[in-house]
Engineer: 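Below is the structure I would like to discuss, written out as structure tokens.
Order of appearance sets the numbers: ligands from 1, and atoms from 1 within every ligand. FYI, side chains are in, hydrogens and waters are out, and symmetry mates aren't considered; it's all heavy atoms of this structure.
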Amino acid sequence: MAQKRTSKRKRKIRIFDTTLRDGEQSPGASLNTPEKVKIARALEALGVDVIEAGFPITSPGDFEAVSLISETVKKSAVAGLARCMEKDIVAAAKALKKAAKPRIHVFLATSAIHRKYKLKKAKSEIVRLAAAGVKLASKYCDDVEFSPEDASRTEPEFLSEVVEAVIDAGASTVNIPDTVGYAMPEQFGALIAHLRSDVSNIADAVISVHCHNDLGLATANSLAAVANGAGQVECTVNGIGERAGNASLEEVVMAIATRSDFFDCTTGVKTNLLYPTSRLVSGLTGLVVQRNKAVIGENAFAHEAGIHQDGILKERTTYEIMKPADVGVPASKLVLGKHSGRHALNERIVSLGYTPSAEQLEEVYERFKVLADKKKEVFDPDILALIEEQISEVPAVFALRSLHVSSGSHTIPTATLVLVMSDGQTKQDAACGDGPVDAVYKTIDRITGIAGQLVDYGIHAVTSGKDALGEVVLPADFAGRRFSGKASSTDIIEASARAYLQAVNRAAAEAGAPKRASRKGKTRGRSGKIAPARGRKKTAKKTRPSRTK
Ligand code: KIV
Ligand code: ZN
């Protein structure tokens with residue numbers, strides 16, 4: 001008799017990405033609306049279930065970003081955050097009006113500390129406000145999520161009471177945040193188990209978790225919750241977020257995928273898009289990913305010890321639990337040399353997932369030829385760096401024509417630069433600095449009339465070898481607004497100049513400069529002057545208008 005096949009379906013864990021809301025609250029990160037839309041598109045392609053696009057009441061910029069993302073994204077649900085206040089909920093509903101799958105995410109703190117010092121409210125008042133907030137949000141939207149802020153430090157019995165009340169009021173997702181990253185995995189897992197057994201209507205809602213990384217346990221706590229029945233994990237690309245950040249999306253997703261034998265769960269994330277998405281977020285936020293970051297860090301698949309290298313050569317699985325290709329890390333193999341033509345380059349670029357315009361391809365090709373001359377061997381990561389810079393869509397209000405730097409142990413570092421303006425004219429100037437990079441940045445400030453303050457500066461080698469491309473990633477403040485830049489070159493001073501110019505160009509565009517000048521620098525004058533160039537301060541100021549949380 002033929003045996004009947006029984007294929008047990010794995011439980012699907014929903015991935016709720018909050019890169020654009022909690023992630024954007026990272027100290028040092030700031031994204032403008034087009035950049036947020038670009039990230040939202042990438043998150044949709046990645047296959048996340050929910051994109052938290054912002055906190056609409058906090059600023060016109062957040063409102064605009066949530067509205068535009070709502071118009072753009074069709075496959076993933078789009079969430080807007082709101083306190084349990086009518087004005088917040090109405091703003092979120094308005095911003096989400098065009099979303100195919102809108103979700104209003106309301107929150108209210110429940111822990112004794114927050115009740116006593118922040119809210120000055122009794123337990124009964126908290127339950128009433130939470131339920132009222134959810135009820136009001138349900139009038140505007142079928143999909144309502146509620147978060148009892150600081151849940152992990154809330155008395156478990158009171159947490160059950162709040163959760164039961166908000167589900168009764170219409171919440172279809174209850175999110176349990178470890179707001180200050182205080183929980184231990186065993187304890188946090190037990191809290192989820194407690195809610196599952198203690199809350200009478202829990203089956204009517206999905207249990208979600210939202211863990212912060214203050215003790216480096218955000219991923220571990222999220223996974224402990226999944227093991228105890230949570231059905232949604234809130235996380236961010238590269239783990240960015242308030243203070244030490246949120247649970248890292250790539251870690252959560254790859255843990256569930258790699259240890260599906262343990263979790264018996266799955267997610268809808270296309271894991272081969274994790275690395276490109278990580279690079280996109282890092283480039284646009286200016287937040288550099290640490291080399292040894294799990295899953296997508298530069299060293300995540302590097303084997304240094306001889307015994308390990310020997311093992312890998314004999315059998316990859318001796319020391320590798322994931323393949324670089326599983327997460328979209330391009331192979332470090334020789335792909336092209338200086339005799340390769342446009343066609344071969346284009347084929348390589350397409351195989352890396354990009355479709356440049358003819359103009360973009362031409363410009364990447366020009367830079368490729370220069371690089372191939374200097375470097376002899378060009379690898380996939382080099383091509384990725386070139387193409388990402390070319391398609392960054394930053395208007396070239398100012399472009400670097402040439403630079404000369406003199407520096408040494410007994411000379412004053414001095415830079416001379418020639419920039420091409422968007423009207424095709426060139427301007428040149430010179431300045432001294434503390435070091436060659438500082439001198440270059442001071443010269444750019446003098447030429448552009450836009451003063452920036454460097455907030456951070458990261459440089460890394462794109463591949464190994466002394467002739468490797470150096471990639472510079474930086475955020476800088478311009479008159480209270482933060483913009484990022486990313487550029488690569490075998491000359492790290494040039495990479496530093498171009499990365500900073502990219503941030504300057506973002507700032508100039510935001511201040512009302514012409515939308516898009518050709519990279520060759522054709523036409524249209526710059527109208528928006530951000531701030532007169534003054535001395536560069538080394539300390540970063542926190543400039544974001546303060547959020548409600
Ligand atoms: O950390 C937190 O508690 C939050 C909530 C708004 C979910 O970000
Ligand atoms: Zn949070």
Side-chain angles (χ1 to χ4, degrees), residues 14-27 29 49-58 62 66 77-85 88-89 91-92 103-115 117-119 126 129-130 133-134 137 143-154 158-159 162-163 166 171-183 188 191-192 195 205-219 221-222 225 230-249 252 544 546-549:
R14 296 180 196 187
I15 297 297
F16 176 117
D17 179 277
T18 183
T19 305
L20 297 173
R21 200 276 299 169
D22 219 329
E24 221 246 348
Q25 287 175 224
S26 299
D49 299 277
V50 187
I51 297 170
E52 188 163 49
F55 192 169
I57 194 73
T58 52
D62 257 48
V66 177
V78 178
L81 187 65
R83 291 166 298 182
C84 281
M85 289 183 183
D88 283 40
I89 293 166
R103 172 179 294 192
I104 299 182
H105 177 190
V106 283
F107 74 97
L108 181 66
T110 51
S111 67
I113 298 174
H114 282 240
R115 291 195 312 264
Y117 297 106
K118 190 177 90 177
L119 301 172
I126 297 288
L129 286 172
V134 168
D143 186 355
V144 176
E145 169 170 331
F146 177 80
S147 290
E149 191 190 4
D150 206 17
S152 56
R153 292 194 298 172
T154 301
F158 181 54
L159 189 62
V162 175
V163 166
V166 295
S172 45
T173 303
V174 281
N175 178 45
I176 308 302
D178 181 25
T179 302
V180 290
Y182 181 75
F188 197 61
L191 181 63
I192 303 304
L195 292 173
V206 172
I207 302 180
S208 168
V209 286
H210 174 114
C211 298
H212 279 270
N213 206 28
D214 298 66
L215 293 172
L217 292 169
T219 299
N221 283 331
S222 306
Q232 174 178 288
V233 176
E234 302 200 354
C235 43
T236 59
V237 174
N238 300 338
I240 62 174
E242 276 279 351
R243 305 180 310 278
N246 290 58
S248 142
L249 183 148
V252 169
R544 165 197 298 289
S546 66
R547 302 237 183 191
T548 38
K549 87 158 285 280

Engineer: If you look at Asp22, which of its N/O/S atoms is nearest to the Zn ion (ligand 2)?
Structural biologist: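 Minimum-distance N/O/S atom of Asp22 relative to the Zn ion (ligand 2) is OD2.
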
Engineer: Are any of the N/O atoms in Glu234 less than 3.5 Å from those in ligand 1?
Structural biologist: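 Among all N and O atoms of Glu234, none is under 3.5 Å from an N or O of ligand 1.
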
Engineer: Looking at Tyr182, I want to see if its OH is surrounded by more than 12 non-hydrogen atoms of other residues, nucleotides or ligands under 6.0 Å.
Structural biologist: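 Incorrect, the count does not exceed 12.
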
Engineer: Among the N, O or S atoms of His210, which one sits nearest to the Zn ion (ligand 2)?
Structural biologist: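 When I compare the N, O and S atoms of His210, NE2 is nearest to the Zn ion (ligand 2).
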
Engineer: Please answer whether the main-chain N or O of Gly245 pairs with a side-chain N or O of His212 as donor and acceptor at a distance below 3.5 Å.
Structural biologist: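 Yes, because the side chain of His212 sits within donor-acceptor range (under 3.5 Å) of the backbone of Gly245.
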
Engineer: For Glu149 and ligand 1, does the shortest N/O to N/O distance drop below 3.5 Å?
Structural biologist: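 No: no nitrogen or oxygen of Glu149 is under 3.5 Å from one in ligand 1.
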
Engineer: Checking side-chain contact (heavy atoms from CB on, under 4.5 Å) for the pair Cys235/Ile15: CA distance, chi angles, key distance, verdict?
Structural biologist: CA-CA 7 Å; Cys235 43; Ile15 297 297; 3.8 Å; yes

Engineer: Answer with side chain, backbone, both or neither: which part of Asp22 has a heavy atom less than 4.0 angstrom from an atom of ligand 1?
Structural biologist: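 Within the 4.0 Å criterion, Asp22 contacts ligand 1 through side-chain atoms alone.
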
Engineer: Would a distance-only check, ignoring hydrogens and angles, find a side-chain to backbone donor-acceptor pair under 3.5 Å from Thr179 to Asp150?
Structural biologist: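 Side chain of Thr179 to backbone of Asp150, a donor-acceptor pair under 3.5 Å: yes, one is there.
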
Engineer: Honestly, is Arg83 close enough over Phe55, meaning NZ or CZ under 6.0 Å from the six-membered ring centre and within 45° of the axis?
Structural biologist: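 No, Arg83 does not sit over the ring of Phe55.
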
Engineer: Check this for me - ligand 1, Ser147, N or O atoms closer than 3.5 angstrom, yes or no?
Structural biologist: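 No; the residue has no nitrogen or oxygen that sits under 3.5 Å from a nitrogen or oxygen of the ligand.
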
Engineer: May I ask you to list the atoms of ligand 1 that are less than 4.0 angstrom from any heavy atom of His212?
Structural biologist: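 Matching atoms, with element in brackets: 1 (O).
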
Engineer: Does the residue Arg21 have a heavy-atom contact with ligand 1, meaning some pair of atoms that are separated by less than 4.0 Å?
Structural biologist: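 The answer is yes: ligand 1 sits under 4.0 Å from a heavy atom of Arg21.
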
Engineer: Under a 3.5 Å distance rule, please check whether Thr19 uses its side chain to pair with a backbone N or O of Gly23 as donor and acceptor.
Structural biologist: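 Looks like no, no N/O pair under 3.5 Å.
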
